[in-house]
Amino acid sequence: MTTAHGDVETPAFMPVGTQGAVKGVTHRDLDELGAEILLSNTYHLYLRPGDGLIARRGGLHRFIGWNKPILTDSGGFQIFSLAGRRTIDEEGARFRSHLDGSAHLLTPERATDIQAQLGSDVAMVLDECLAHPSTEDEARVSMARTLRWAGRARDRLLALRAGPVNGVVVTNPGQAQFGIVQGGVFPGLREESARSTAALGFEAYAIGGLSVGEPIDVMYDVVGRTTRWLPGDRPRYLMGTGTPEDLVESVARGIDLFDCVLPTRNARNGQLFTSQGRLNIKNARYAEDDSPPDPECGCSTCRRFSRAYLRHLFVTGEMNGATLNTLHNLHFYLDTIRRIREAISFGRFESFRRAFTERLSGQPSDS
Ligand SMILES: [Zn+2]
């Protein structure tokens, strides 16, 4: 995938830097881990420090000191999660800030403007995120609205590219915009959404509204069906997913781009992803365990530190514990996706997938 701030090898995993920083690690760590693209959250940056302030600093890349690609979400997902603090109508989403209760209106145009000011390399359209479970009728109404919003967001981006739009500072003229396929767990709606969204002519496409509580086989089924209706020459981004197994299984179904908070959030809670499954470092049985978290991992944490030490850091609340766990988990994710890329280029992805799955299912994991 080619962006205004360089190329990204796909399939790719994007660490989540909500506030312009990946919790627990520095940009230098991310460079060393081989992260090629970051995800940042528009909702949070819009509220604080504000897209205007970031535009005056020359855009998000300059403000946070990251010269490689950045993707921003539209802010919609966070707003839809503000149960009781938001209402949705055709114009957009009205919500109250979780910080000070102030009232805001996010429209498809406004979400596009904010991301233009942030200057991410990939901007996402504002979509309606439907809760699971929903009826087919609810999913149809929501999908149709998402489609109308997508048309408005695309029109706005094209207007911004054509010339100045009332005070919006475009900090990255090479910004791409991705459309988002919705439609819940209903194949017919997903097909209609994919075809109609593709007809709007975005640079690439994402699948939204999954990993929201549906069974895992349903998610894989929706992904497998939906990718078939998306252009084969454009990256496909599965939003907000998932586990290491989800990465492998979704690549098998045609996905190129992932983001997920699991490796970073779980690291801070003491859960490590390893080649043998998940490991909860707080468990008492690791108190005198001198082995590294994952004997097969080459990360800086595993090369130097024992489970006993990491457990001690966790139990005492030492901030180094969260950092060392995050370095390991991000390494595991980025290394998994690198091995997937290698397997694809050598034409042995299917055998890699089988071995990966057998390995994880054959080992007992900490709960
Ligand atoms: Zn490691």
Side-chain angles (χ1 to χ4, degrees), residues 9 11-17 21-39 68 241-251 258-343 352-353 355-367:
E9 294 289 328
F13 177 79
M14 300 184 281
V16 177
V22 176
K23 287 182 176 34
V25 296
T26 64
H27 293 355
R28 188 183 61 193
D29 294 325
L30 295 171
D31 281 335
E32 286 171 5
L33 288 164
E36 290 193 313
I37 176 167
L38 287 190
L39 178 141
K68 287 191 278 190
T241 301
T243 64
E245 304 89 296
D246 291 343
L247 264 52
V248 174
E249 288 307 309
S250 301
V251 166
F258 299 90
D259 78 283
C260 193
V261 295
L262 275 184
T264 42
R265 179 183 290 162
N266 290 17
R268 299 195 300 282
N269 294 327
Q271 188 180 68
L272 301 173
F273 292 92
T274 77
S275 56
Q276 281 125 40
R278 300 184 192 193
L279 182 156
N280 275 316
I281 204 67
K282 54 185 169 250
N283 286 356
R285 64 183 166 118
Y286 300 124
E288 300 199 43
D289 187 337
D290 295 324
S291 57
D294 185 349
E296 290 183 22
C297 179
C299 85
S300 56
T301 298
C302 290
R303 275 187 279 123
R304 188 155 187 175
F305 303 113
S306 66
R307 294 172 179 181
Y309 178 58
L310 293 177
R311 178 174 186 276
H312 161 70
L313 294 179
F314 185 88
V315 168
T316 53
E318 183 62 43
M319 61 196 280
N320 265 10
T323 294
L324 295 175
N325 293 346
T326 302
L327 288 171
H328 166 79
N329 274 358
L330 281 178
H331 176 89
F332 185 79
Y333 266 67
L334 292 164
D335 190 57
T336 297
I337 208 86
R338 185 185 57 74
R339 285 159 60 215
I340 290 173
R341 287 198 300 268
E342 251 176 43
F352 169 86
R353 178 188 178 189
F356 188 90
T357 310
E358 276 167 22
R359 190 80 192 275
L360 283 181
S361 59
Q363 300 281 347
S365 267
D366 290 346
S367 57

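As the structure lists them, so they are numbered: ligands from 1, and atoms in each ligand from 1.
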| field | Whether Phe13 and Tyr333 hold their rings parallel, tilted or perpendicular, with breakpoints at 30° and 60° | value | tilted
Distance col, row Leu272:CG vs Asp366:CG, nearest 0.5 angstrom, shows 9.5 Å
For His328, the N, O or S atom at the shortest distance from the Zn ion (ligand 1) is ND1
Glu296 meets the side-chain contact (heavy atoms from CB on, under 4.5 Å) criterion, sequence neighbours left out, with Ser275, Gln276, Asp294, Arg359
Vertex the Zn ion (ligand 1), ends Cys299/SG and Cys297/SG: angle to nearest 10° comes to 110°
**Q.** Carboxylate-amine/guanidinium proximity below 4.0 Å for Asp31 and Arg28
**A.** no
Could you tell me whether any N, O or S atom belonging to Cys302 is less than 2.8 Å from the Zn ion (ligand 1)?
yes
